[in-house]
Amino acid sequence: MLGKLIKHEFKATWKVMAIICAVLIGTGIVGGFTLRSFVVQDDMTDIQALFLTFISMFFIILLASMALLSTAYLVVHYYRSLYTSQGYLSFTLPASITQVVSSRMIVACIWTIASSLCFVICLVLVTVLGSAHYLPYITEGIDEIVTDIKDSVGITMFYTYLIQYFLILILGIISRIMMLFFSISIGQLWEKHKILGAVIAYFTTTFVLSIISTFMSIGYYGSLAAIDSYYSSVDSFLSPYLLRCLIYSVVLIVLFYVGSIAISNKKLNLD
């Protein structure tokens with residue numbers, strides 16, 4: 001039944017999310033060619049420079065808007081489909097509350113990762129298309145940095161760290177959207193002003209996590225300060241720190257998931 005719920009959830013959300021992803025990639029293509037038209041010029045007039053500034057600002061605002069819109073849409077859809085009058089229809093399906101809530105979370109996490117990937121593709125397109133003349137120099141600079149890092153930590157550890165960083169990034173994206181769902185689950189416990197309750201829960205959770213992150217950072221920089229040579233002893237602090245970040249992210253996701261499921265099963269307060 002969970003598979004059918006996930007399939008239904010994709011059908012309910014794919015149009016809006018597909019538009020957002022298409023806008024992001026389209027913005028990258030248009031922005032890249034627009035930037036390229038200015039880069040190829042040896043000398044720009046003041047009007048052209050001002051126009052380029054406005055275009056850059058518009059590009060940044062549009063990207064930020066798309067990122068916020070994707071998150072806002074998924075969060076609002078999650079709330080409306082579970083904790084408003086639409087929730088009565090959702091929970092009349094021949095499935096458990098855990099399956100219904102889990103299907104919303106799984107699809108939202110997948111769309112969040114997909115939109116984040118489109119965001120990265122957009123930036124890559126702008127860089128590649130807009131800086132085509134300077135791309136060889138950029139590539140050469142990146143190769144030199146990668147070579148230096150490989151020489152410092154070794155080829156095996158370099159790819160190990162790269163994979164770990166990638167996993168931390170993905171888990172961080174998932175944990176952020178899961179924290180929003182957890183906050184909504186707490187907010188729906190309020191008889192009135194559920195949205196206010198969710199906002200308070202979100203900021204409270206953020207505050208607690210910021211304190212925990214601060215202590216983790218203090219431990220990290222304390223270890224870094226105790227090392228005589230950064231490059232020769234990078235494994236002694238980087239490997240444990242990355243592992244700690246991975247575990248921390250996984251624990252957060254599990255806690256947010258279990259907490260949301262437990263609250264929904266124990267007390268479901270529909271409008």
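Sequence positions, counted from 1, serve as the residue numbers for this chain. On a predicted model such as this, the values are computed, not experimentally measured, just so you know.
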Is the shortest side-chain heavy-atom distance between [X] and [Y] below 4.5 Å?
X    : Y    : value
I263 : Q188 : yes
K194 : Y79  : yes
F59  : V126 : yes
L24  : L63  : yes
Y248 : S213 : yes
Y165 : L169 : no
F256 : T205 : yes
T112 : R176 : no

Checklist entry - Has the side chain of S102 got a donor or acceptor atom that lies under 3.5 Å from a matching backbone atom of Q99? => result no
Checklist entry - Is the side chain of S70 donor-acceptor paired with the backbone N or O of A67 at a distance under 3.5 Å, no angle test? => result yes
Checklist entry - Are more than 12 heavy atoms from other residues, nucleotides or ligands located less than 6.0 Å from atom CG of L196? => result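 Counting neighbours around CG of L196, more than 12 heavy atoms of other residues, nucleotides or ligands fall under 6.0 Å, so yes.
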Checklist entry - Rounded to the nearest 0.5 Å, how far does CD1 of I113 lie from SG of C118? => result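 It comes to 12.0 Å.
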Next on the checklist: Please report the interatomic distance CD1(I168) to CD1(I163), rounded to the nearest 0.5 Å.
Outcome noted: 12.0 Å
Within one Ile-Leu-Val-Met-Phe-Trp-Tyr cluster: [X] and [Y], side-chain cutoff 4.5 Å:
X    : Y    : result
V254 : I184 : yes
L189 : Y83  : yes
Y78  : V76  : no
V30  : V128 : no
V75  : L68  : no

Item to check | Y73 and H77 aromatic ring geometry - parallel, tilted or perpendicular at 30°/60° bounds | outcome: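 If you compare the ring of H77 with that of Y73, the planes turn out parallel.
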Next on the checklist: Ignoring hydrogens and geometry beyond distance, is a side-chain donor-acceptor pair present between W111 and T13 at under 3.5 Å?
Outcome noted: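 Per modelled atom types, W111 and T13 side chains form a pair under 3.5 Å.
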